[in-house]
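Report on the following structure.
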Amino acid sequence: MSLVDELRWRGMIHDIMPGTEELLEKEQVTAYVGIDPTADSLHIGHLVGVMMLKRLQHAGHRPIALVGGATGMIGDPSGKSQERNLLDETTLRQNQESLKKQISKFLDFETGAPNRALMVNNYDWMKDYTFLAFIRDIGKHITVNYMMAKDSVKKRLGADSKSGMSFTEFTYQLVQGYDFQVLYREHHCKLQMGGSDQWGNIVTGTELIRRIEKGEAYALTWPLITKSDGGKFGKTEEGNVWLDPERTSPYKFYQFWLNVSDEDAEKYLKIFTMLGREAIQQLVSEHTEAPHKRVMQKKLAEEITVLIHSREEYDMAVEASDILFGRGTRESLKKIREELFLSVFEGVPQYEVPTSRMDKDVLELLAVDTGVFASKGEARRMIAGGGVSINKQKLSDPGQRITEKDFINNRYLLVQKGKKNYYLIRVRES
RNA sequence: GGGGAGGUUCCCGAGUGGUCAAAGGGGGCAGACUGUAAAUCUGUUGGCUACGCCUUCGAAGGUUCAAAUCCUUCUCUCCCCA
């Protein structure tokens, strides 16, 4: 099966320029994907692009990850993102280094293989490029008419557009197009890939290459990743799901994938794992037979968590999940060794309360001394509704008192609001 | 500039002197069911020292025993005409 066929099967192709498939079959191709260095970590919204590069390298082609140090300062007109702030160069470099470390888990940058991955930063060729030189060398090859025909631009010029579009945003496609041209010239990069909203920008690049370099370049986009319920992919109540364990704990990360809906699981297995056709079909049929076992979600979460974090972190996340969602009891909780206990609850909100404050009813403890509840009324209602547990034991009386016997390891109380919200209260001697 | 409509709790939206912490819906949260799902059903959705009290209906004043409701001024939004 050709690379493009496989990508098609995986649902990773939205649009592809004629000739791209043939090109990928006949020679080793260098291709790139752009990434904004707005943070020092990738989040799972970046994952499709990185997987794309990984599959490309896997098939023997050469991937380039382009860090958009320059373009990231502008923001394209397609939308959601307002114009960005200028990052200072130090931050930019730091971010780039962090991103490279993360991407190294997917791509081989190190070996001497001819298709080893490359990371570049367009800031390097844009920073000293003067405005005058740019409009003289690049700008004159593309007409404004051409630029205005792009959807992203048209939308902003239409009558229904609320805010206008700045000249800077308008120029975005040229800057991005020039990136492609530079990579074409210096690395024989003939293909740019991106999300479906990038099509217009990519094509501007191929156009520049055609006109200035007299060369052929290609474009490939992947579809927007969706969720079956229409929500935005990659977001939780707490925000983005990051690859950086400091921002999103491996446990939360694992949980994110584990909770994917049935409809999405198959789709995500195809996109985000290296599992082959047979393996995925096997999982799908197993799932159809026993949906409650959620083999698809489990495999998905395993594959990705191991890839991003490690086998150890994955094991830990599974163990934590068992404790939190399995039929854990008060007794089993008390038996856990302290280090595991703490690692399980690492990402959970914690409150520290001195022993002197413990001698009162739970209501006060939960609503006043800690922020578990916003008000006593809320706490009272929740307890009455059977929604609060302490150490896995349902709380029925808001006037109940906590005694030392209740502490886990002599100093922890595990509070549960509903099924999924955990809070850890740590008792401090005073 | 002239005329009209209107601003209600997270959102939409009822309420036009006491029975209003304010209908109904949505959303949120929780319970049951379940697969840590979906669907469904149920409860809950201003605060407190809680059979009572306090703060809330654009803002400020006023009338009244009593105001989201009546009056005055201000303010913002929308629509129509010029």
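All chains are named by letter (A, B, ...) in the order of the sequence lines, taking the proteins before the strands, and each is independently numbered beginning at 1. The basis for the numbers below is simple: all heavy atoms, side chains too, and nothing from hydrogens, waters or symmetry mates. Not measured: the values here are computed from a predicted model.
- For the pair A:Arg380 CZ and B:G43 C1', the computed distance is 17 Å after rounding to whole Å.
- Between the P atoms of B:G62 and B:U56, the separation comes to 15 Å (whole Å).
- Of the two residues near RNA chain B, A:Ala374 and A:Asp262, the one whose nearest nucleotide lies more 5' is A:Asp262.
- In this structure, NZ of A:Lys417 is placed 7 Å from P of B:A30, rounded to the nearest angstrom.
- When atom types are taken as modelled, the side chain of A:Thr248 and the backbone of A:Trp242 share a donor-acceptor pair closer than 3.5 angstrom.
- Atom NZ in A:Lys299 sits roughly 19 Å away from atom C1' in B:G35 (whole-Å rounding).
- Spacing of P atoms, B:G6 relative to B:A22, comes out at 25 Å, to the nearest Å.
- The CD-P distance, from A:Glu378 to B:U45, rounds to 11 Å in whole Å.
- Looking at heavy-atom distances under 4.0 Å, A:Leu324 makes no contact with the nucleic acid at all.
- Nucleotide B:G6 forms a Watson-Crick or G-U wobble pair with B:C76, both donor-acceptor distances falling under 3.5 Å.
- Between A:Tyr268 atom OH and B:A37 atom P there is a gap of 17 Å when expressed in whole angstrom units.
- On the P atoms, B:A30 is 12 Å away from B:A38, given to the nearest whole Å.
- Comparing B:A37, B:G47, B:G35 by their nearest atom to the side chain of A:Pro291 picks out B:G35.
- Residue A:Ser375 is in sugar-phosphate contact alone, with no base atom involved, counting any heavy-atom pair closer than 4.0 Å across all strands shown.
- Across B:C81 and B:A14, the matching P atoms stand 25 Å from one another, rounded to whole Å.
- As judged by a 4.0 angstrom heavy-atom cut-off over every strand, A:Arg381 is placed among residues touching the sugar-phosphate backbone only.
- For A:Lys419 and B:A32, the shortest distance from a side-chain N or O to OP1 or OP2 is below 4.0 Å.
- For the 3.5 Å distance criterion, the side chains of A:Lys267 and A:Thr226 qualify, holding a donor opposite an acceptor.
- Centroid-to-centroid, the aromatic rings of A:Tyr412 and A:Phe341 come within less than 6.0 Å.
- Residue contacts shown for A:Gln297 include a base, since a base heavy atom lies under 4.0 Å away.
- When both pairing distances are held under 3.5 Å, B:G24 makes a Watson-Crick or G-U pair with B:C12.
- Computed from coordinates, the A:Phe256 CZ to B:A37 P distance equals 15 Å when rounded to whole Å.
- Counting any heavy atom pair closer than 4.0 Å across all strands shown, A:Asn421 reaches sugar-phosphate atoms only and no base atom.
- Pairing partner, B:U40: B:A32, with both Watson-Crick or wobble hydrogen-bond distances short of 3.5 Å.
- Residue A:Lys376 places at least one side-chain N or O under 4.0 Å from the OP1 or OP2 atom of B:U49.
- Here the side chain of A:Met382 is nearest to one of B:U49, B:U34, B:A30, namely B:A30.
- Salt bridge A:Lys299/A:Glu303: present, at least one basic N to carboxylate O contact under 4.0 Å.
- Atoms CD (A:Glu263) and C1' (B:A37) sit 9 Å apart, rounded to a whole Å.
- Annotation: of the two residues near RNA chain B, A:Gly386 and A:His292, the 5′-most nearest-nucleotide partner is A:Gly386.
- Regarding contacts with the backbone of B:U34, every side-chain N or O of A:Lys293 stays at 4.0 angstrom or more from both OP1 and OP2.
- Checked for salt-bridge contact, A:Arg93 and A:Glu97 miss the test: no charged N lies under 4.0 Å from a carboxylate O.
- The same atom, P, is picked in B:C70 and in B:A37; the two are 49 Å apart, to the nearest Å.
- Nucleotide B:U55 has no partner under the Watson-Crick or G-U criteria, as no pair reaches both atom distances under 3.5 Å.
- For B:G61, the paired nucleotide is B:C71, the pair qualifying as Watson-Crick or G-U wobble because both relevant distances are below 3.5 Å.
- No side-chain donor from either of A:Glu404 and A:Asn410 sits under 3.5 Å from a side-chain acceptor of the other.
- Aromatic ring pairs are classed by plane angle as parallel below 30°, tilted from 30° to 60° and perpendicular above 60°; the pair A:Phe272 and A:Tyr268 is perpendicular.
- Note: CD (A:Glu289) to C1' (B:G35) measures 16 Å, nearest angstrom.
- On the P atoms, B:A23 is 15 Å away from B:A68, given to the nearest whole Å.
- For the P atoms, the distance linking B:U69 with B:G15 amounts to 15 Å, nearest Å.
- The aromatic rings of A:Phe233 and A:Trp257 sit tilted, their planes meeting at an angle between 30° and 60°.
- Backbone-only engagement by A:Lys394 is indicated by non-hydrogen atom pairs under 4.0 Å involving sugar-phosphate atoms exclusively.
- Side-chain proximity of A:Ser321 to the nucleotides B:G35, B:U36, B:A50 is greatest for B:U36.
- At the heavy-atom level, A:Gln255 lies under 4.0 Å from base atoms of the strands shown.
- Going from the P atom of B:G27 to that of B:U72 covers 41 Å, rounded to whole Å.
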